[in-house]
Every structure is written in C-alpha cells, then in structure tokens.
Amino acid sequence: MVESQSTSATAMENHDSQTNKQVQEIAADYNHLPERYIRKQDEQYGSLNNAGVSSPITQDIPVIDVSLLTSSLSELDKLKSAVSSWGCFQAINHGIEGSFLEKVREISELFFRFSGEEKKKYLRAEDNIEGYGNDMVLSEKQTLDWNDRLYLNVLPKHQRRLQFWPQNPSNFREVVDEYVSKIELINEFLLKALARSLNLEETSFLDQYGTSATMQARFNYYPPCPWPDKVFGVKAHADISILTFLLQDKEVEGLQVLKDGQWVGVPILPHALTISIGDQLEIMSNGIFKSPMHRVLINSKDARMSVALFCMPQTEKDIGPVDGLVTDETPRLYKNVTFTVDSFFNNYQKGRRAIDACKI
Ligand SMILES: O=C(O)CCC(=O)C(=O)O
Ligand SMILES: [Fe+2]
C-alpha cells in the first residue's frame, strides 16, 4: 500500500502541501484557490474563447457510424475527412452496448465518491504517473490541472500493477478488463478502416504496433470549481497515442477541440465514444490525419467525469510514416520516433508538443 500524504492544519497553509492535496480536497475548501492552479494567459493559446462564449464554427464534430465502415464507401470517406480535418469524431454503433458503457461510468463514479482514505490506498508515487492522484509536478512553473485521476497501465496484461487497481467497487477490475478487450477490438477495426480509407494495405498501421501493444486508462474526475474561468480541467494538449477512446460524462460537458483556430465544444452523445487521432497516427499517416489540440473547461456547479483509453504501440517501438504515403509529391514529414508516456508529460508540463520535435 502507498502511504498517504500529510495534510495537517498548519501544513495546509503552505505552498507545497497544497500541491500535494488532491483537487477533490481543495474543492472542499471553497475559500481558497491555490496559486498553482491559476492558469496563465499564455496557456490559453491566444485570445481563444472560453465556456459560454459562442463560437463562429457552427458545425459539430462529425458523427461516424462504425457499423457502416466495411459496407459503405461514403461512410469510410466521411471518416477520412473527419480525421483529416477535425482529428476526431463521435463514434456510434461501435458495438459496445450502452448499458455496458453505463457500467464503466458507474465504477468510475463510485471510486471517486469513496472517502479520501479509501482512494489513497491507490495513491501514485510522487515520481510516477500510475495510480490515483492529481497532476504530477514536473516543473516549478507548471500550472496544475483541476483534475484528479486514476491512471492505470492496462495492457499488456502481464505488466498490470494490481496494487493500483481499486478493489472497491468490487467489480472495478472485471469491468475495466472487459472494457479494455472491447476497445482493443474497435481499435483494430478502425485502424484497418483508416488504412483502407487511404487505399493502403489494411494492416499498414497495425503492423507498426509490435508484438505487445500497450494501453493506458485514465479515469478523470473534475470537481466543480467556484472560479471556473481561473483554472483548466486539463490544459490544451494533443495525445501521443495512436487512437484515444474517450467516454465522456453523460451530462456534463467541458471538452473542447481546436478547429481552425477556434475552441469548439464537444457535445454529449450518451452512447457514443469520442475517438481522436493521437500524434503517433498523425506521424504514421505522414500528416494526413491530424492529432487535435484539446482541453477541458470546468464549471462551478457540477462535477464531470471521463474515462480515456490510450492505444499505444509496444513500449520502445519506433514508428514512422507508412511507406506508401511517402512519395515525390508528398515527401516524408516526420522522422521515425519512439514515444513514451514520460516524454509526453515532460513536454506537456512545459507547454510543448512532443510531435514538434519529430518534424523534418
Ligand atoms: O476529460 C476529457 O474529456 C478529456 C481528457 C483528456 O484529454 C485526456 O485525458 O487526455
Ligand atoms: Fe487528451
């Protein structure tokens, strides 16, 4: 078991212990927003709009019917166009029952509703992302996200560290295990469809996975914040995955994606999965597919939850643009690279994108 951190009354006043507290604990103290959570001007990516301000982009993020992708060329084309412009889409008819998605939401909600003491059994180590806790502190200047999370390495199975997998609720492990297997299948199906959409061999993207693909799960909990426009739930970033599968809160919005220089809210479709391209698929597709910048805003009334699964190649496996996409007319845009979760967080906390260093 991991030891919980000290939160004595006097220590609570000092800067460092505020950093150590979970966001849920800070949210319970409605009088004080610690400096470390207050966002800075340059983290807003220019003068982009915030919650409540209507955006001139009137379209919504595209909706793709996954069940049509093998039979309908127009749906496949719609998918290609969605990921080449928005970099993300809402997937419907993806094969996972709405009642099962409900279960995934439920185990996550139950976990975060437990007392701090119960949750801290799974507290992450100070220098490691895996486990329960708030933002990992990697730099003195870093603005902390208004977000507690449970972060688990869910694949490969033999590398699971079960000491971080909640025993309460009692079906937590079983539901996560089943969800991971279901997402693995959709991931494979979609990567084949995405390759076909570019007239490539079906396994062109899958071939780069290596023999032991990895997957990380991030259960996000965003407590309401009395100062919603002073914090970010998650600062603007792009994922380094190949694909990310996001199960949004059923009622509370907050996710925004950057489209043509504007932040656009992602609406809730209760049985949909919000799927986005990650940096590694942008690289493999030689820049045709876009890994979108996105961020999460907070509101003052309702807590929000989400569950993100990040599909990644085998650890330390290098990836690069697929051969068939590098031609005289479309020269190679990226070097071959190896991504790690650590490199992602190091860049993220410094306000950089890992993919920028991969450009030729
Ligand atoms: O909570 C969300 O909607 C998105 C979270 C996210 O972007 C992430 O965990 O990488
Ligand atoms: Fe993300």
Side-chain angles (χ1 to χ4, degrees), residues 64-67 69 88-114 119 122 124 129-132 147-193 206 209 212-222 234 239 241-252 255 266 268-278 281 296 304-314 341:
I64 301 293
D65 185 334
V66 176
S67 71
L69 289 174
C88 55
F89 59 95
Q90 306 264 37
I92 57 166
N93 296 328
H94 41 61
I96 305 183
E97 293 283 327
S99 57
F100 184 75
L101 293 179
E102 229 7 80
K103 256 196 204 169
V104 177
R105 289 192 179 100
E106 188 183 274
I107 54 159
S108 180
E109 183 170 351
L110 287 172
F111 172 73
F112 283 106
R113 274 223 216 116
F114 280 122
K119 289 192 292 264
Y122 309 99
R124 65 171 176 77
I129 180 82
E130 185 155 22
Y132 163 72
N147 162 254
D148 287 335
R149 86 256 346 204
L150 174 69
Y151 191 97
L152 300 174
N153 293 316
V154 293
L155 286 180
K157 275 192 186 185
H158 67 271
Q159 281 174 9
R160 287 180 182 175
R161 298 205 289 166
L162 288 178
Q163 70 265 36
F164 293 116
W165 289 54
Q167 282 178 307
N168 283 315
S170 59
N171 60 346
F172 186 94
R173 295 177 176 188
E174 186 192 320
V175 173
V176 173
D177 193 44
E178 193 176 337
Y179 187 44
V180 166
S181 305
K182 289 178 191 291
I183 293 291
E184 248 190 311
L185 293 178
I186 304 178
N187 178 55
E188 192 176 316
F189 177 84
L190 280 177
L191 287 176
K192 286 183 180 169
L206 278 170
Y209 254 102
S212 182
T214 66
M215 197 193 286
Q216 293 84 35
R218 180 169 154 159
F219 298 82
N220 290 304
Y221 183 82
Y222 307 91
V234 180
D239 298 344
S241 55
I242 288 186
L243 288 176
T244 300
F245 294 81
L246 183 76
L247 179 63
Q248 287 208 72
D249 194 289
K250 215 166 67 173
E251 285 163 1
V252 185
L255 175 65
V266 179
I268 290 166
L269 276 184
H271 299 318
L273 289 166
T274 307
I275 300 180
S276 50
I277 302 293
L281 194 51
V296 176
R304 176 174 182 272
M305 279 188 335
S306 70
V307 180
L309 291 189
F310 305 98
C311 293
M312 304 265 285
Q314 183 183 331
V341 172

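Since this is a predicted model, take the numbers as computed values, not measurements.
Annotation: side chain of Leu190 is in contact with side chain of Phe245 (closest heavy-atom distance under 4.5 Å). At least one side-chain heavy atom of Ile183 sits less than 4.5 Å from a side-chain heavy atom of Met215. Side chains of Tyr179 and Ile96 form a contact here, defined as non-hydrogen atoms less than 4.5 Å apart. The shortest side-chain heavy-atom distance between Lys192 and Leu206 falls under the 4.5 Å cut-off. The closest side-chain heavy-atom distance from Leu247 to Leu309 is not below 4.5 Å. Using a 4.5 Å cut-off on side-chain heavy atoms (C-beta onward), Leu246 and Ser276 make no contact. Using a 4.5 Å cut-off on side-chain heavy atoms (C-beta onward), Met305 and Lys250 make no contact. Two residues are said to be in side-chain contact when any heavy atoms from C-beta on lie closer than 4.5 Å; Arg160 and Leu155 meet this criterion.
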side-chain contact (heavy atoms from CB on, under 4.5 Å) between Phe310 and Thr214, intermediate numbers included: CA-CA 8 Å; Phe310 305 98; Thr214 66; over 6 Å; no

CA sep, side-chain torsions, deciding dist, call: Leu243, Ile277, side-chain contact (heavy atoms from CB on, under 4.5 Å): CA-CA 5 Å; Leu243 288 176; Ile277 302 293; 3.9 Å; yes

Evaluation steps, side-chain contact (heavy atoms from CB on, under 4.5 Å), between Tyr221 and Ser108: CA-CA 9 Å; Tyr221 183 82; Ser108 180; over 6 Å; no

Verdict with supporting geometry, Asn147 and Arg218, side-chain hydrogen bond (donor to acceptor under 3.5 Å, both in side chains): CA-CA 11 Å; Asn147 162 254; Arg218 180 169 154 159; 3.0 Å; yes

CA sep, side-chain torsions, deciding dist, call: Thr274, Gln90, side-chain hydrogen bond (donor to acceptor under 3.5 Å, both in side chains): CA-CA 5 Å; Thr274 307; Gln90 306 264 37; 2.9 Å; yes

Derivation and outcome, side-chain contact (heavy atoms from CB on, under 4.5 Å), residues Phe89 and Leu273: CA-CA 8 Å; Phe89 59 95; Leu273 289 166; over 6 Å; no

Evaluation steps, side-chain hydrogen bond (donor to acceptor under 3.5 Å, both in side chains), between Asn220 and Tyr151: CA-CA 9 Å; Asn220 290 304; Tyr151 191 97; over 6 Å; no

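Considering all non-hydrogen atoms of both residues, Ser212 and His158 come closest at OG-CE1, 4.4 Å.
For Glu130, the side chain to side chain contact (heavy atoms under 4.5 Å, CB included) partners are Asn128, Leu152, Asn153, Arg161, Phe164, not counting sequence neighbours. In terms of the ring-ring contact (aromatic ring centres under 6.0 Å, His included) criterion, residue partners of Phe172 (sequence neighbours excluded) are, by chain and number, Phe219.
Remark: side-chain polar atoms of His271 are not paired, donor with acceptor, to backbone N or O of Leu101 under 3.5 angstrom.
In this structure, Glu102 places its CD atom where more than 12 heavy-atom neighbours from other residues, nucleotides or ligands lie under 6.0 Å away.
A salt bridge does not link Asp177 to Lys182: none of the charged side-chain nitrogens sits closer than 4.0 Å to a carboxylate oxygen. We find that Arg105 and Asp249 are not joined by a salt bridge, their nearest charged nitrogen and carboxylate oxygen being 4.0 Å or further apart. Under a 4.0 Å N-O distance rule, the pair Glu109/Arg113 qualifies as a salt bridge. Classification of Glu178 and Lys103 as a salt-bridged pair fails, no side-chain N sitting under 4.0 Å from a carboxylate O.
Residue Ile64 holds its CD1 atom at 9.0 Å from CD1 of Ile92, rounded to the nearest 0.5 Å. Between the CG atom in Asn168 and the CZ atom in Phe111 there is a gap of 9.5 Å [rounded to 0.5 Å]. Asp65 contributes atom CG, which lies 4.0 Å from atom CG of Asn93 (distance to the nearest 0.5 angstrom). Distance check: Glu184 CD to Cys311 SG gives 7.5 Å after rounding to the nearest 0.5 Å.
Separation of the Tyr122 and Tyr132 ring centroids does not fall under the 6.0 Å cut-off.
Counting only N and O atoms by type, the side chains of Ser241 and Asp239 include no donor and acceptor under 3.5 Å apart.
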